Novice: 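Before I ask anything, let me first share the structure, which is written out below as structure tokens.
Atoms within each ligand, like the ligands themselves, are counted from 1 in listed order. Since we're looking at a predicted model, the values are computed, not measured.
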Amino acid sequence: MAFFNTVALLNTRVAVILLALISVQAVALPQYDEDQHLGVASCASSVCHGKSKAVEDKNVMLNEYRIWSTEDRHARAYKTLLSSESKRIAKNLGLPSAHTAKICLDCHTDNVAKEQRGPKFQINDGVACEACHGGSQQWIESHTEEGVTHQQNLDKNMYPTEDGVARAKLCISCHYGTSNKMASHEIMGAGHPRLSFELETFSANQPAHFTVDADYKTRKPYISGFKLWVVGQVEMLKSSLNLMQEKLVNSEAVVPELFFYDCHACHHAMSDTRWQPTSAKKGMPPGAVRLNDASAMMLLSLLDVIAPEQHKALKAALIALHKASLVNRPALNAAIIKLQALVLELDGQLVAKQYTDQQLKAVRNNLLAQASLGEYRDFVTAEQAFLAIESITISLQQGTALETQLNLLYGSLENEALFSPLKFQNLANQIKKAFK
Ligand code: HEC
Ligand code: HEC
Ligand code: HEC
Ligand code: HEC
């Protein structure tokens, strides 16, 4: 009997550990968690996160609501759906209105299922606290208690925004899309702005409502700078491959979903004859519509410096993807599966690594070298290369010293309708010495 009990106990322990492992790996995004979302009003009182100034004696600032509501564009995300721009988009799509359409609400507010909306939940709150931190039903009471650890909050379904991969998945779900919600070419054709995203830059651009000080670091890990850039590129590549598989490969439509392609492959003046394949698109004939491969191109610039063998493998798989995209859907699927396997292999490795300043500089030199060789001719890739160069420069605390050069390069991307691949290439060539 005693023996049996011990075994049963051990089995429960194993089950608990397994469950814990599974829950870390597959945390549901806040929009799809199973808890009640109680609404901003439940977070914003003046004794909670609604103070006018940051407090000194608590481990969090407690003025998060004020920062969010006055400085953070997420607070305006629902109001955007009432604008004349949104009205035009809705009209073009044949929707009764933008602020009642699920497809718009899914990214412009915390659009959880009706049964999960608590008494103070307001659909017009926009992308508010629980859209990122998860439904607070289980932790709203306990998370303020003395001695409660971050892990205890996570166990009650607080979303792990401090974790780089989890954060990337969260931001990408709205800033790129998922199988449940996408700003498709149809939506863009109706007038929606093109979505562009880079995790490190967007994390820095969202007005911070937290401080990463010594106290913070005792409570939870924090990832920032170059590593966040790496995580963002890996997750973006994974997301885009998964979505491509679902929406391109499994579609019967004659014209494929154009969301996945380089927008400027089609959208530029016919008199601007710029065809010239880059090495990743070797063998593509003139006039080919090419897939947006910006995140793979960015990872290549990193691997070239830190892992030449893996660079070779990823490059070969990318060339194969572009070729297959001109053959048929089964060929495309096979090429996607190959890339997915490679990325999975790289994933843990790249994210766990510590990067030295020397390596950062080498990656930046490589980005500028590739740019000046004309390898970043697609607007999206040029844009990502610029964001990477800027992000590394800021990480190395050279932002002020190299401001002129960064501004020059940015100038060539500021208006995408006027983007010239040749100008970008020449500019990169001209400024690259200053970055050495
Ligand atoms: C629920 C969807 C959603 C999530 C999750 C989300 N965002 Fe956003 N984000 C938006 C929308 C919608 C806007 C545009 C708001 C507007 O102006 O109407 C936006 C705007 C922004 C902006 C301003 C962009 C600009 O051009 O100035 C930044 C920066 C940003 N988000 C960063 C992030 C980061 C970082 C994350 C992840 C921690 C994130 N977002 C998660 C939907 C979301
Ligand atoms: C996949 C998520 C997603 C979907 C679906 C989506 N949006 Fe957006 N939308 C965004 C994000 C993210 C931004 C901010 C882009 C940026 O600045 O980087 C944005 C920006 C906008 C803007 C420009 C806001 C500004 O201040 O410049 C308008 C207008 C807009 N969306 C309307 C709509 C409408 C109307 C719908 C429904 C037809 C819709 N959106 C569907 C994510 C989405
Ligand atoms: C677009 C996503 C997003 C929204 C919206 C958002 N947060 Fe955050 N929040 C983050 C990220 C990212 C962090 C930093 C990583 C972390 O510590 O989890 C953070 C951190 C925090 C922290 C932790 C500070 C610390 O020192 O541990 C608090 C508290 C917080 N947010 C409260 C709020 C409140 C209250 C709101 C609504 C008024 C809000 N957040 C809205 C993304 C968001
Ligand atoms: C395969 C070619 C192709 C690709 C790739 C492509 N588009 Fe389009 N796009 C078109 C066509 C065709 C139209 C319809 C043009 C018209 O009505 O005059 C269009 C229309 C549009 C419009 C509306 C323009 C108007 O005149 O009203 C926008 C905005 C747009 N696309 C954005 C994008 C974005 C953003 C991307 C990248 C994610 C993209 N397109 C990728 C072919 C393409």
Side-chain angles (χ1 to χ4, degrees), residues 29-31 40 42-44 48-50 58-69 72-81 83 85-86 89 92 104-111 125-133 136 143 150 153-154 158-164 166-175 181 183-213 215-217 219-224 228 232 255-267 288-292 379-380 416:
L29 287 172
Q31 193 183 346
V40 178
S42 308
C43 319
C48 304
H49 295 288
K58 289 275 188 291
N59 49 28
V60 308
M61 291 156 72
L62 294 183
N63 63 341
E64 295 86 0
Y65 171 74
R66 194 182 164 83
I67 294 174
W68 172 82
S69 62
D72 194 322
R73 278 204 23 206
H74 293 114
R76 294 188 352 224
Y78 176 88
K79 281 190 202 83
T80 290
L81 298 182
S83 69
E85 209 182 340
S86 286
I89 298 173
N92 285 341
C104 308
L105 292 168
D106 271 352
C107 291
H108 282 261
T109 193
D110 188 20
N111 197 26
D125 281 342
V127 179
C129 320
E130 289 165 297
C132 289
H133 293 295
S136 61
H143 81 295
H150 186 53
N153 293 330
L154 297 180
M158 186 182 272
Y159 190 79
T161 39
E162 77 289 347
D163 176 82
R167 193 190 320 164
K169 288 191 159 75
L170 170 69
C171 313
I172 286 172
S173 72
C174 293
H175 283 271
K181 48 180 187 186
S184 61
H185 187 258
E186 186 178 340
I187 292 179
M188 290 179 190
H192 197 280
R194 181 180 64 86
L195 295 184
S196 79
F197 185 73
E198 190 278 292
L199 182 61
E200 197 282 318
T201 306
F202 273 62
S203 290
N205 286 355
Q206 184 191 0
H209 53 265
F210 55 92
T211 31
V212 184
D213 50 16
D215 159 71
Y216 183 105
K217 288 176 185 161
R219 290 181 287 116
K220 48 191 177 185
Y222 190 72
I223 139 166
S224 63
L228 197 56
V255 178
E257 172 52 74
L258 299 177
F259 170 88
F260 296 105
Y261 292 83
D262 171 43
C263 312
H264 302 82
C266 297
H267 290 287
V289 186
R290 47 212 180 260
L291 290 167
N292 170 355
F379 178 81
V380 265
E416 60 185 282

Novice: Would you tell me which option among H133, H175, E64, R167 has the nearest heavy-atom contact to atom 21 (C) of ligand 3?
Specialist: H133
Novice: Run the numbers for me: atoms of ligand 3, each under 4.0 Å from some heavy atom of A128, listed by number.
Specialist: 5 (C)
Novice: Where does the angle between the aromatic ring planes of H175 and H74 fall among parallel (under 30°), tilted (30 to 60°) and perpendicular (over 60°)?
Specialist: perpendicular
Novice: Among protein heavy atoms, which sits nearest to atom 2 (C) of ligand 3, and what does the distance come to when rounded to 0.1 Å?
Specialist: C132 SG, 2.0 Å
Novice: Using non-hydrogen atoms of the residue, decide whether Q206 is closer than 4.0 angstrom to ligand 3.
Specialist: yes
Novice: Regarding atom 40 (N) of ligand 1: of the candidates H108, R73, H74, which has the closest heavy atom?
Specialist: H74
Novice: Give the residue and atom name of whichever protein heavy atom lies nearest to atom 37 (C) of ligand 1, and the separation in Å to one decimal.
Specialist: C171 SG, 1.8 Å
Novice: Any atoms of ligand 3 less than 4.0 Å from a non-hydrogen atom of E162? List them with their elements.
Specialist: 15 (C), 16 (C), 18 (O)
Novice: Are E416 and H264 close enough that a side-chain donor and a side-chain acceptor fall under 3.5 Å?
Specialist: yes
Novice: Answer with side chain, backbone, both or neither: which part of L170 has a heavy atom less than 4.0 angstrom from an atom of ligand 1?
Specialist: both
Novice: To the nearest 10 degrees, calculate the angle at atom 8 (Fe) of ligand 4 involving NE2 of H185 and NE2 of H267.
Specialist: 170°
Novice: So, does R219 sit close enough to ligand 3 that a heavy atom of it is under 4.0 Å from the ligand?
Specialist: yes
Novice: If the contact criterion is a heavy-atom separation under 4.0 Å, does D262 count as touching ligand 4?
Specialist: yes
Novice: Please tell me whether H150 and E162 have a donor and an acceptor in their side chains that are separated by less than 3.5 angstrom.
Specialist: yes
Novice: Check each atom of ligand 3 against the heavy atoms of Y216 and keep those under 4.0 Å away; list them by number with element.
Specialist: 15 (C), 16 (C), 17 (O), 25 (C), 26 (O), 27 (O)
Novice: Which residue owns the protein heavy atom closest to atom 28 (C) of ligand 1, what's the atom, and how far is it?
Specialist: F202 CD2, 3.7 Å
Novice: Please state which part of K220 comes within less than 4.0 Å of ligand 3, counting heavy atoms only: side chain, backbone, both or neither.
Specialist: side chain
Novice: I'd like to know if the side chain of D125 and the backbone of A128 have a donor-acceptor N/O pair within less than 3.5 Å.
Specialist: no
Novice: Would D262 and N292 count as having a side-chain donor-acceptor pair, cut-off 3.5 Å?
Specialist: no
Novice: Between atom 8 (Fe) of ligand 1 and C174, is there an N, O or S atom separated by less than 2.8 Å?
Specialist: no
Novice: If you take the nearest heavy atom of each of C129, S203, P160, which one is closest to atom 36 (C) of ligand 3?
Specialist: C129
Novice: Run the numbers for me: atoms of ligand 3, each under 4.0 Å from some heavy atom of V127, listed by number.
Specialist: 5 (C)
Novice: Any chance you could lay out the side chain to side chain donor-acceptor pair (under 3.5 Å) test for Q31 and D110, step after step, and finish with the verdict?
Specialist: CA-CA 7 Å; Q31 193 183 346; D110 188 20; over 6 Å; no
Novice: Which atoms from ligand 1 have a heavy atom of T80 less than 4.0 Å away?
Specialist: 16 (C), 17 (O), 18 (O)
Novice: Answer with side chain, backbone, both or neither: which part of C107 has a heavy atom less than 4.0 angstrom from an atom of ligand 1?
Specialist: backbone
Novice: Examine all N, O or S atoms of H209, backbone included, and report whether one is under 2.8 Å from atom 8 (Fe) of ligand 3.
Specialist: yes
Novice: Within the 4.0 Å heavy-atom shell around N59, which atoms of ligand 3 are there?
Specialist: 26 (O)
Novice: Quick check on contacts: which atoms of ligand 1 are under 4.0 angstrom from a heavy atom of N205?
Specialist: 29 (C)
Novice: Measure from the side-chain N and O atoms of H49 to the backbone N and O of L62, and report whether any donor-acceptor pair falls under 3.5 Å.
Specialist: no
